[in-house]
Every structure is written in structure tokens, then in C-alpha cells.
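FYI, the numbering just counts along the sequence from 1. What's counted below: heavy atoms across the whole structure, side chains too, no hydrogens, waters or symmetry copies.
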Amino acid sequence: METGTTTTAAIALNTTQPSISRKLADFQRATGLKLFEHHHGRLRPTREGRQLYESVRRNFEGLEKIETAVGILRKSGAGVLRLGSTSTLATGLLPQVIKRFLAQFPGTFVGLQTLPTPQLADLLNQNLIDLAVTTGDVDPSIFETRIMTTTSAVCIVPQNHPLARAEWVDLEELRRHQMILLNDSDNIVIRMRELLARLGAPENIVVETNSSITICALVVAGVGVGIVNPYIANTMSQGLVIKELRPSIRVDVSLARSMTLAPSLLGEAFSRLLADSTA
């Protein structure tokens, strides 16, 4: 079928032309089908021969896929890594980690879901993702969790803002300016409002959103000042100024996984690369 003649097929299979002809005759008798007919001194396939060839070819392709999958499994423990992450870390931290991971495990497929921490916990509960990377709180009694690194939130201000000239930004000073904040469920905002409450000062909030990326865009537009984690601030730094915030607001980057499934070799490899990147 692939070479067009029994002679060329015999060369490809390192045998003789009469041997190929005998095997074809045997095969036609065994199947009860006429697979080829002579036409101007050459064999040409019948409709049945063409259909049988397509069926056999698909099966051989399936075997090749199985061999490829087995090779990936033998090397990495799984052919797919399913990740979940908060959007800021998916934008500001994970791209380089995923790049290094795929260079180490070529042929592996990575699925990445970007969701708030509660939804990531739901996916872990249902074993729909292998790992979750988050700055939010994950219940250690339900999930196996590990703090990969600890950093501090930063203040972002427009380039022409008075605070852009400050060496660092004091939270008490910050409350006098228009603020763009994440919603109340974010750990940074919860901690910031605890600190502001101790100062007994009102907040001057002009925009509240569920996206740190949106905060960065609004700060660049000059709407106000914001507080975000440093990963997204550094990624979206064009057009804004990043300042140290005092007192500092702690930001933990945690890796969570299900307790009901043993970690895969891929998951372990990704965890090591993430640890290296955050060290």
C-alpha cells in the first residue's frame, strides 16, 4: 500500500518479491477479501483493501501513541500536570517555572487554572488539579501544604504621584491618598485594615476590585495608589513606581496538594523547581 509495488515493498522489508506476493495471497485467503487487483502490470488496492489499510494504520498510530505515553510515564510518572494558581502568581511567578519545567520534561502537557483560593481548594478536593499555588489560606487539616517563600506586600503609585519620591511608604501616610484595594477576602487587605484600625483612621478607598492586575492598570492610569504582592507588581511595573510598605504586610506563597493521592513524579519535579525559583 505504501510503496506501490511488491518489489519496492520487498526491499523495504528486506525480503524477496515472491515472498511478498505469497504473503499477500495468504492474507487474502485468510480474510476472504480481494484486497488488490492487477492493473497494467501493477497492483492497485480495492475499496476493501483501502479500508482495511486505513484501519490497520490507525491501530499502528495508536500503538505509537501508547509507546510515547509509556516513555513519558517512565520518565516523569505522568504525562499531564494539572496546576491551579491565583491569577497574580500565574502571571508574576509561574511563567518562568513552567518554562523550566517543560524544558526538563518535553512532551508533557500542563493544564493551568487561574482561580481564587477557595475555588482552588474545591478543585483539589475533587482531585481535578494536582497542585495549587496561592497566597491565600489553605486548610492544613484537609490539604498537604507547604510555604514556599515569604515576602511582603508593596505599595504601587503612579509615576507623577507625590509618594513616588518617597524612600518608602508609611501606611498612615497612605490612608490620606486615594486607594485602590482588593476585596475584603484577600489576606493583604485583611491585614492592612487591621493595621489601619489600630491607627483609628478612615480609609480613602475609591475603587475595590478582585484583581491585582486591574489595580496595577488603575494605578498606571493615575486613579489612585494600591497595595499588591510583589510578583504582580514587578510583572506590571511599566508606568508605575513600586515602594516598600511600612509596617510590612506578610505574603506567604503556599503550595497545596491533596492528601488522598500520592504525589506524582511530575508534581515533585515542579515543586522542586518552584522552590528553586522562590529561594
Q: Test side-chain contact (heavy atoms from CB on, under 4.5 Å) on L52 and E48 and set out the steps.
A: CA-CA 6 Å; L52 182 60; E48 293 80 9; over 6 Å; no

Q. If you group Ile, Leu, Val, Met, Phe, Trp and Tyr whenever their side-chain heavy atoms sit less than 4.5 Å apart, what else falls in with F143?
A. L115, L120, L123, L124, L128, I129, V138, I142

Q.
Just verifying a value: how many Å separate T31 OG1 and Q28 CD, rounded to the nearest 0.5 Å?
A. 6.5 Å

Q) side-chain contact (heavy atoms from CB on, under 4.5 Å) with R29: which residues, sequence neighbours excluded? A) A25, D26

Q: Indicate the atoms forming the closest heavy-atom contact of I188 with N229, along with that distance.
A: CD1-N, 3.8 Å

Q) Would you say D186 and L181 make side-chain contact, with heavy atoms under 4.5 Å? A) no

Q) Hey, quick one: are V80 and L261 part of the same hydrophobic cluster, counting side-chain heavy atoms closer than 4.5 Å, chains of contacts allowed? A) no

Q) Quick one: side chain to side chain donor-acceptor pair (under 3.5 Å) pairs with a partner in residues 130-140, sequence neighbours left out? A) R82-D130, T117-T134, D137-N187, D139-S141

Q. Is there a donor-acceptor pair closer than 3.5 Å between any side-chain N or O of N234 and the backbone N or O of P230?
A. yes

Q. What ring-ring contact (aromatic ring centres under 6.0 Å, His included) pairs are there with at least one residue in residues 255-279, not counting sequence neighbours?
A. F101-F270

**Q.** Connected-component partners of I147 among ILVMFWY, side-chain separation under 4.5 Å
**A.** none

**Q.** Heavy-atom check, side chain of N127 versus side chain of T260, under 4.5 Å
**A.** yes

Q: Give the cluster check for Y53 versus L24: same hydrophobic cluster or not, with ILVMFWY residues linked at side-chain heavy-atom distances below 4.5 Å.
A: yes

Q. Quick one: hydrophobic cluster around M259, which other residues, with the 4.5 Å side-chain cut-off, linked directly or via members?
A. none

**Q.** Residue from T151, T88, T91 passing side-chain contact (heavy atoms from CB on, under 4.5 Å) with Y231
**A.** T151

Q | Common cluster, I190/I232, ILVMFWY with side-chain heavy-atom separation under 4.5 Å | A | no

**Q.** Nearest-0.5 Å distance that lies between atom CG in L83 and atom CG in L274
**A.** 9.5 Å

Q.
If I take atom SG from residue C216 and atom CD1 from residue I156, how far apart are they, to the nearest 0.5 angstrom?
A. 4.0 Å

Q) Quick one: OG1 on T235 to CD1 on I213, what's the gap to the nearest 0.5 Å? A) 8.5 Å

Q: Working to the nearest 0.5 Å, report the span between CD of Q126 and OG of S258.
A: 11.5 Å

Q.
Closer than 4.0 angstrom, basic N to acidic O: yes or no for E244 and R246?
A. yes

**Q.** Residues that D252 engages under side chain to side chain donor-acceptor pair (under 3.5 Å), provided they are two or more places apart
**A.** T150, R250

Q. Any side-chain donor paired with an acceptor under 3.5 Å for T8 and T5?
A. yes

**Q.** Side-chain touch V223/I180, heavy atoms, less than 4.5 angstrom
**A.** yes

Q.
Applying side chain to side chain donor-acceptor pair (under 3.5 Å), can you list everything that pairs with T7, at least two apart in sequence or on another chain?
A. none

Q.
Has E144 got a side-chain atom pairing as donor or acceptor with P140's backbone, closer than 3.5 angstrom?
A. no

Q) Who else is in I11's hydrophobic cluster (ILVMFWY, side-chain heavy atoms under 4.5 Å, direct or via others)? A) none

(Q) Treating Q178 as the side-chain partner and I205 as the backbone partner, does any N or O pair qualify as donor plus acceptor under 3.5 Å? (A) no

**Q.** Flag side-chain contact, heavy atom, 4.5 Å: T145 against L255
**A.** no

Q. Quick check: does any side chain N or O of K243 sit under 3.5 Å from a backbone N or O of A166, one acting as donor and the other as acceptor?
A. yes

Q: Dump the intermediate steps for side-chain contact (heavy atoms from CB on, under 4.5 Å) on L273 and Q104, then the final yes or no.
A: CA-CA 10 Å; L273 289 173; Q104 186 173 334; 3.9 Å; yes

Q: Give the intermediate values and the outcome of side-chain contact (heavy atoms from CB on, under 4.5 Å) for residues H161 and V225.
A: CA-CA 9 Å; H161 195 276; V225 299; 3.6 Å; yes

Q: Could you go through the side-chain hydrogen bond (donor to acceptor under 3.5 Å, both in side chains) check for E268 and S264 one step at a time?
A: CA-CA 6 Å; E268 290 293 278; S264 67; over 6 Å; no

Q | Side-chain donor or acceptor of S85 paired with backbone N/O of A90 under 3.5 Å | A | yes

(Q) Quick test of your reading: applying side chain to side chain donor-acceptor pair (under 3.5 Å), list the pairs with at least one residue in residues 269-279, sequence neighbours left out, ordered by first then second residue. (A) R100-S277, R257-S271

Q. T214: what forms a side chain to side chain donor-acceptor pair (under 3.5 Å) with it, not counting sequence neighbours?
A. S211

Q: Taking all heavy atoms of V228 and all of A233, pick out the closest pair and write down the distance.
A: CG2-CB, 3.8 Å

Q. Taking all non-hydrogen atoms of both residues, which atom of A269 and which atom of F105 are closest, and how far apart?
A. CB-CE1, 3.4 Å

Q) Between the side chains of Q51 and S55, is a donor N or O closer than 3.5 angstrom to an acceptor N or O? A) no

Q) Can you name the closest pair of heavy atoms from L174 and C155 and give their distance? A) CD1-SG, 3.8 Å

Q: Tell me, with the steps shown, if L112 and I98 meet side-chain contact (heavy atoms from CB on, under 4.5 Å).
A: CA-CA 10 Å; L112 177 60; I98 292 174; 4.1 Å; yes

**Q.** Pairing residues for D170 by the side-chain contact (heavy atoms from CB on, under 4.5 Å) criterion, not counting sequence neighbours
**A.** W168, E172, E173

**Q.** P158 side chain reached by V220 side chain, heavy atoms, under 4.5 Å
**A.** no

Q. Of the non-hydrogen atoms in V219 and G224, which two are nearest, and what is the gap between them?
A. CG2-O, 3.5 Å

Q. Among the clusters formed by ILVMFWY side chains lying less than 4.5 Å apart, do L43 and V56 turn up in the same one?
A. yes

(Q) For R47, I'd like to know if atom CZ has over 12 heavy atoms of other residues, nucleotides or ligands within 6.0 Å. (A) no

Q: Please examine the side chains of Q96 and K99, heavy atoms only from C-beta on, and report whether any two atoms are closer than 4.5 Å.
A: yes

**Q.** Electrostatic pair R44:E37 at N-O distance under 4.0 angstrom
**A.** yes

Q | Nearest non-hydrogen partners of G49 and M1, listed with the distance | A | O-CE, 4.3 Å

Q: Would you indicate whether R146, at its atom CZ, is surrounded by more than 12 heavy atoms from other residues, nucleotides or ligands within a distance under 6.0 Å?
A: no

Q | Among V154, V169, L245, side-chain contact (heavy atoms from CB on, under 4.5 Å) partner for I227 | A | L245

Q | From T86 atom OG1 to Q113 atom CD, the distance as rounded to the nearest 0.5 Å | A | 13.5 Å

Q) Between T46 and L35, is there a donor-acceptor pair closer than 3.5 Å when you use the side chain of the first and the backbone of the second? A) yes

